[in-house]
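Basis for what follows: all heavy atoms, side chains included, without hydrogens, waters or symmetry-related copies. In this chain, residues are counted from 1 in sequence order.
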Amino acid sequence: MIKMLKEDIEVIFEQDPAARSYIEVVLTYSGLHAIWSHRLAHALFKRKWFFLARVISQISRFFTGIEIHPGAKIGRRFFIDHGMGIVIGETCEIGDNVTVYQGVTLGGTGKEKGKRHPTIKDHVLIATGAKVLGSITINENSKIGAGSVVLNDVPENSTVVGIPGRVVIQNGVRIKDLNHQDLPDPDAERFKQLEHQLSELQQEIKQLKEGKIYHDN
């Protein structure tokens, strides 16, 4: 356990260039506090001390803004960067050397029972605001782009972006050019629909006016 706690600190120095000293990391990094609290809560959860485990996780949530269910399984060298708003569900399983940024949800879809949260394999990076939902697997060495919503399994060595998430790079080969204009934009789609409806209304009004003029004549 002591070795694992030391690894939790060491990975911060490897991943975050802003980390300057051990005392700074131990006292001020909320992501580290959330991980350590979870390791204690999870140990109690495995011993079926469910209430105490949940109390610790909720206290941690209050102070860090990071919600990790005590039932979640988290591997070694897990790095949370700017962790505010992260949610990790009860049946989530996270491997080693995984990095997660703020606003990430590893949750369920509300439809499954039993194993209902994602499995994240080793060396995965999940960027800001991404949502990984359901009993799916994100395989080794994959990256989930910021703001993506992932509902299906992701192959190893892949990069996923978009809503819904799609693989754009796999094994170093670009599957589709990743341009900003290719990303789904719900607001733009809605504006297009409104423009189309407005055009139809204008056409109908024009036809009604023409019919009235013809009738009056």
Side-chain angles (χ1 to χ4, degrees), residues 11 14-16 30-31 34-35 38 61 64-69 71-194:
V11 72
E14 294 174 11
Q15 298 275 9
D16 187 358
S30 60
I35 293 168
H38 172 73
R61 176 179 179 267
T64 66
I66 300 167
E67 181 174 347
I68 308 176
H69 192 285
K73 299 176 181 178
I74 297 179
R76 308 173 82 100
R77 299 171 58 81
F78 181 51
F79 178 52
I80 295 175
D81 198 5
H82 302 289
M84 182 64 69
I86 287 175
V87 177
I88 300 176
E90 178 183 8
T91 61
C92 189
E93 298 179 22
I94 299 175
D96 299 335
N97 297 293
V98 172
T99 298
V100 173
Y101 288 85
Q102 69 269 24
V104 165
T105 298
L106 305 178
T109 64
K111 299 177 181 178
E112 304 99 333
K113 294 182 179 179
K115 179 69 168 78
R116 59 193 182 278
H117 299 109
T119 296
I120 312 298
K121 296 290 190 177
D122 299 345
H123 306 287
V124 168
L125 183 149
I126 305 177
T128 304
K131 313 300 177 188
V132 183
L133 306 176
S135 182
I136 62 175
T137 299
I138 311 300
N139 281 288
E140 290 86 351
N141 303 303
S142 291
K143 298 177 182 178
I144 309 300
S148 300
V149 177
V150 185
L151 302 173
N152 297 298
D153 292 347
V154 173
E156 63 183 17
N157 304 310
S158 298
T159 299
V160 173
V161 299
I163 305 173
R166 66 192 188 282
V167 176
V168 294
I169 297 175
Q170 187 173 6
N171 296 317
V173 178
R174 185 175 293 276
I175 295 175
K176 180 180 179 181
D177 290 336
L178 178 57
N179 298 316
H180 181 73
Q181 61 266 26
D182 292 330
L183 297 177
D185 188 339
D187 292 332
E189 290 296 323
R190 183 57 180 159
F191 278 125
K192 287 181 181 179
Q193 292 176 4
L194 291 173

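Here the CZ atom belonging to R174 is positioned 14.0 Å from the CG atom belonging to N171, to the nearest 0.5 angstrom. Atom CD1 of I88 is separated from atom CD1 of I66 by 8.0 Å, given to the nearest 0.5 angstrom. Considering CD1 of I126 and CD1 of I144, their distance stands at 6.0 Å, rounded to 0.5 Å. In this structure, the separation between CG on D96 and CD1 on I74 is 11.5 Å, given to the nearest 0.5 Å.
Nearest heavy atoms, F79 versus D16: CZ-CB, 4.0 Å. For the pair A127 and A146, the tightest heavy-atom approach, listed with the atom from each and the gap, is CB-N, 3.5 Å. The heavy-atom pair separating S148 from G162 by the smallest distance is OG-N, 3.2 Å. Closest approach of E156 to Q170, counting heavy atoms only: O-CG, 4.1 Å. Taking every heavy atom of both residues into account, N141 and V124 meet most closely at N-CG2, 4.2 Å.
A search for salt bridge (Lys or Arg N to Asp or Glu O under 4.0 Å) contacts involving E14 returns R77, not counting sequence neighbours. Listed by chain and residue number, nothing satisfies the salt bridge (Lys or Arg N to Asp or Glu O under 4.0 Å) test with E93 (two or more places apart in sequence, or in another chain). Legend: residues meeting salt bridge (Lys or Arg N to Asp or Glu O under 4.0 Å) with E140, ordered by chain and number and at least two apart, are absent. Residues that satisfy the ring-ring contact (aromatic ring centres under 6.0 Å, His included) test with H123, not counting sequence neighbours, are absent from this structure. H117 meets the side chain to side chain donor-acceptor pair (under 3.5 Å) test with T91; sequence neighbours excluded.
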(message) Go through it in stages, so that I can follow the logic: the residues are R116 and E90, the test is side chain to side chain contact (heavy atoms under 4.5 Å, CB included), and I'd like the CA-CA distance, side-chain angles, deciding distance and then a yes or no.
(response) CA-CA 8 Å; R116 59 193 182 278; E90 178 183 8; 2.6 Å; yes
(message) Between T159 and V167, is the side chain to side chain contact (heavy atoms under 4.5 Å, CB included) condition met? List the steps.
(response) CA-CA 6 Å; T159 299; V167 176; over 6 Å; no
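Side chain of S142 to backbone of S158: a donor-acceptor contact under 3.5 angstrom is found. A side-chain donor-acceptor contact under 3.5 Å links H38 to the backbone of A72. The backbone N or O of N139 lies less than 3.5 Å from no partner atom in the side chain of T137, so there is not a single donor-acceptor pair.
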Enumerate donor-acceptor pairs with a distance under 3.5 Å from any side-chain N or O in residues 98-107 to protein atoms, sequence neighbours excluded.
{"unit_1": "T99", "atom_1": "OG1", "unit_2": "Q15", "atom_2": "NE2", "d": "3.4"}
{"unit_1": "T105", "atom_1": "OG1", "unit_2": "K131", "atom_2": "NZ", "d": "3.4"}

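Side-chain atoms of I94 and C92, non-hydrogen and from C-beta on, do get closer than 4.5 Å to each other. Residues I136 and T119 have side chains not in contact (no heavy-atom distance under 4.5 Å, counting atoms from C-beta outward).
Between the side chains of D122 and N97, no donor-acceptor pair of N or O atoms lies under 3.5 Å.
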